[in-house]
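First comes the structure, then the notes that go with it.
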Amino acid sequence: MQNTKEQILKIIENTEEVINVEELEKKLTKKEKLTVKLGIDPTANSIHLGFAVVLRKFRLLQDLGHETFLILGDFTALIGDPSGKNKTRPMLTKEQIQQNLQTYIPQLGKIIDLSKTKIVYNSEWLSKMKPEEIVKLTSQYTLAQMLEREDFKNRYKSNEPISLHELLYPLFQAYDSVHLKADIELGGIDQKFNFLVTRYIQEKYNQEPEIAVMMPILEGIDGINKMSKSLNNFIGIDEKPLDMFVKIMSIPDNLIKRYFSLCTSIPSENVEKLFSLYNNPKDIKLILAKEIVSIYHGENKANESYDEFINVYSKRELPSNIPLIKLPNSLIDNDNNINIIDALYLTGLAESKAEAKRLLSHGGIYLNGNKITNKIVKYSEPFILRLGKFNYYSLIKE
RNA sequence: GGGCAGGUGGCCGAGCGGUCAAUGGCAUGGGACUGUAAAUCCCACGGGCGAGAGCCCUACAGUGGUUCAAAUCCACUCCUGCCCA
């Protein structure tokens, strides 16, 4: 076990806010193993780099030897965290949640040490709460306190619906910490309100308030909004190496340093060195992309993706793996002519014929490197289509 | 329980009897430019048929109605907000 000062420095590194450091120090000197809580909302079925920021901190606390609990919020998912939302979330069924978790947990293992992780479902205790206990819990907090919260306040002011059950979310989340007697809770800074409620409630239940370790919210590849699935600006940690690489390359230049600090373990002084070494941000971004891909897919795959990226996206050469698409024989007539609109639609490359026509009329279809303008073309192998800038498909006879 | 205002395309939001597959913004897709970009400019953005002009189908919460004609009017139902109890 490292000394307290060193631990604190590591814990607060790259955080957005910690409430509060003095209490953390006290806890660390008093107890060797702290109880660390991370609640996850099992509505997602894939983890993206934004959430990985929090998971990486969780991993750090594991490496520091603390007792780490991962709470699968199957009960609270029935409510849906209202944080940052301007709408009531749809409720999920138990089955949906169960299904999501099956793909979710293996992904977690890419970042955290599952052998050291105690995985618990909060329905274990929340479902067993008696109405009397719920009344006691809810009596600890007032409506005015709840409405201080930014998103509730906004929704209330702009006449958006707020269901009563949404008000319970922070309270149940708080109760999780009471149940675990949590010393530290991890989360994004968007959880601040919930964490403050939790600290307050813990005290009401005669517990020491937990330390809230809050990580920054990583911007998505649009560079503006927080990374999230619903905005489709995310980079999933289970994405294919090249897809991941390309997405990382597409982040705005001004986010390069942020991604380095939040998504990699490269020390900031090394990043500064890179910036003095290279003039073109693209070159630094290439290093960033390679680094992140290697975290999730290993160095070999990262190098392969790098080469592939240079080939396909810089040099505009053919990718090494072009998906093969089977072409039904009926599409090719006796004169070996093929209607490209029908072909795209029937092979699923275009969602509708209208979409395929749009592509064609905008000059977005290339056959073996040549732009095509007529929907009827002669079929001969190889028949490599490029749709848009970088989507290649090789169509072969069935 | 009473009164009022609403529910329109992925989202926001105009339209309030024919000229509406529905203005505008955002998002998205394609093109030009480029560093994969970004910024900027151009184009498209329900679906089917057609080389094309165009034609047809399905859509404006739901159901039923009025009308030659309805996103637009009426009735009822569902959903949301506000005011009064």
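Lettering follows sequence order; numbering is per chain, from 1.
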Could you check whether A/Glu208 pairs with A/Lys27 (Lys NZ or Arg NE/NH1/NH2 to Asp/Glu carboxylate O, under 4.0 Å)?
yes
Sticking with atom C1', work out how far B/A71 lies from B/G13, rounded to a whole angstrom.
14 Å
Length of the line joining A/Leu231:CG and B/A27:C1', which is rounded to integer Å:
10 Å
Would you say that more than 12 heavy atoms from the other residues, nucleotides or ligands in this model lie under 6.0 Å from the OH of A/Tyr306, or not?
no
Between B/G35, B/A37, B/G29, which one does the side chain of A/His362 approach most closely?
B/G29
Rounded distance in Å between the P positions of B/A85 and B/C12
33 Å
Considering heavy-atom distances to RNA chain B, does A/Glu355 or A/Val246 have its closest nucleotide positioned more toward the 5' end?
A/Val246
A/Ile372 atom CD1 is separated from B/G31 atom C1', nearest whole Å, by 15 Å
Suppose you measure atom P in B/G10 against the same atom in B/C45; what distance do you get, rounded to whole Å?
15 Å
Nearest whole angstrom, please: distance from the P of B/A38 to the NZ of A/Lys282.
15 Å
Assign A/Ser314 to base, sugar-phosphate, or nothing according to its heavy-atom contacts below 4.0 angstrom with the strands shown.
sugar-phosphate
A/Arg386 side chain: which of B/G30, B/G47, B/G31 is closest?
B/G31
For the pair made of CG in A/Asn391 and P in B/U36, what is the distance, rounded to whole Å?
16 Å
Find the partner of B/A71: check Watson-Crick (N1-N3 plus N6-O4 or O6-N4) and G-U wobble (N1-O2, O6-N3) distances, both under 3.5 Å, and reply none if neither fits.
none
Mind checking who B/C76 pairs with, Watson-Crick or G-U wobble, both distances under 3.5 Å?
B/G62
Fit a plane to each ring of A/His179 and A/Trp125, take the angle between them on a 0 to 90° scale, and name the class: parallel (under 30°), tilted (30 to 60°) or perpendicular (over 60°).
parallel
Given atom CZ of A/Phe234 and atom P of B/A27, what is their separation to the nearest angstrom?
18 Å
Would the A/Phe152 and A/Tyr156 ring centres measure less than 6.0 Å apart?
no
Taking atom types as they are modelled, would you say the side chain of A/Lys247 forms a donor-acceptor pair with the base of B/U36 within the 3.5 Å cutoff?
no
Between B/G48, B/G35, B/A37, which nucleotide has the shortest distance from any of its atoms to the side chain of A/Tyr345?
B/G48
If I pick the P atom on B/U72 and the same atom on B/G17, what distance separates them, to the nearest angstrom?
11 Å
Report the distance from atom NZ of A/Lys389 to atom P of B/A32, rounded to the nearest whole Å.
5 Å
Can you tell me which nucleotide in B/A37, B/A32, B/U80 comes closest to the side chain of A/Asp253?
B/A37
Counting C-beta onward and ignoring hydrogens, is there a side-chain heavy-atom pair between A/Pro170 and A/Arg149 closer than 4.5 Å?
yes
What is the base-pairing partner of B/A44, counting Watson-Crick and G-U wobble geometry with both distances under 3.5 Å?
B/U28
Spacing of the C1' atoms in B/G62 and B/U80 (rounded, Å)
15 Å
Does A/Arg358 put a side-chain nitrogen or oxygen below 4.0 Å from OP1 or OP2 of B/G46?
no
Taking any strand in view, what nucleotide pairs with B/C4 in a Watson-Crick or G-U wobble way, both distances under 3.5 Å?
B/G81
For B/U23, which nucleotide is its Watson-Crick or G-U wobble mate, given both distances must be under 3.5 Å?
none
If pairing means Watson-Crick or G-U wobble with both distances under 3.5 Å, then the partner of B/U34 is none
For A/Lys375, answer base if it contacts any base atom (sugar-phosphate contacts may also be present), sugar-phosphate if it contacts only those atoms, and nothing otherwise; contact means non-hydrogen atoms under 4.0 Å.
sugar-phosphate
What nucleic acid atoms does A/Ser352 come within less than 4.0 Å of, heavy atoms only: base, sugar-phosphate, or nothing?
sugar-phosphate
Starting from the 5' end of RNA chain B, give me the residue, A/Gly388 or A/Asn280, whose nearest nucleotide shows up first.
A/Gly388
B/A5 to B/C60 separation - P atoms, rounded to the nearest Å
23 Å
A/Lys371 NZ to B/A32 C1': how many Å, rounded?
9 Å
A/Asn159, nearest nucleotide to its side chain (from B/G35, B/C82, B/G31):
B/C82
Check against side-chain hydrogen bond (donor to acceptor under 3.5 Å, both in side chains), A/Ser46 and A/Gln107:
CA-CA 7 Å; A/Ser46 73; A/Gln107 289 181 58; 5.1 Å; no
Rounded P spacing from B/G2 to B/A59 in Å:
34 Å
Looking at A/Phe234, is A/Lys247 sitting on its ring face, NZ or CZ under 6.0 Å from the six-membered ring centre and within 45 degrees of the normal?
yes
Pick base, sugar-phosphate or nothing for A/Phe390, based on heavy-atom distances below 4.0 Å to the nucleic acid.
sugar-phosphate
Establish, for the pair A/Lys118 and A/Phe69, whether the NZ or CZ atom is under 6.0 angstrom from the six-membered ring centre and no further than 45 degrees off its axis.
yes
Can you measure A/Asp307 atom CG to B/U36 atom C1' for me and round it to whole angstrom units?
15 Å
When the C1' atoms of B/U58 and B/C20 are compared, how many Å lie between them, rounded to an integer?
14 Å
Look through every strand shown and name the nucleotide pairing with B/A53 as Watson-Crick or G-U wobble, where both distances are under 3.5 Å.
none
So, is A/Lys353 close to the B/C49 phosphate, meaning a side-chain N or O under 4.0 Å from OP1 or OP2?
yes
Reckon A/Lys357 touches a base, only the sugar-phosphate, or nothing at all at heavy-atom distances under 4.0 Å?
base
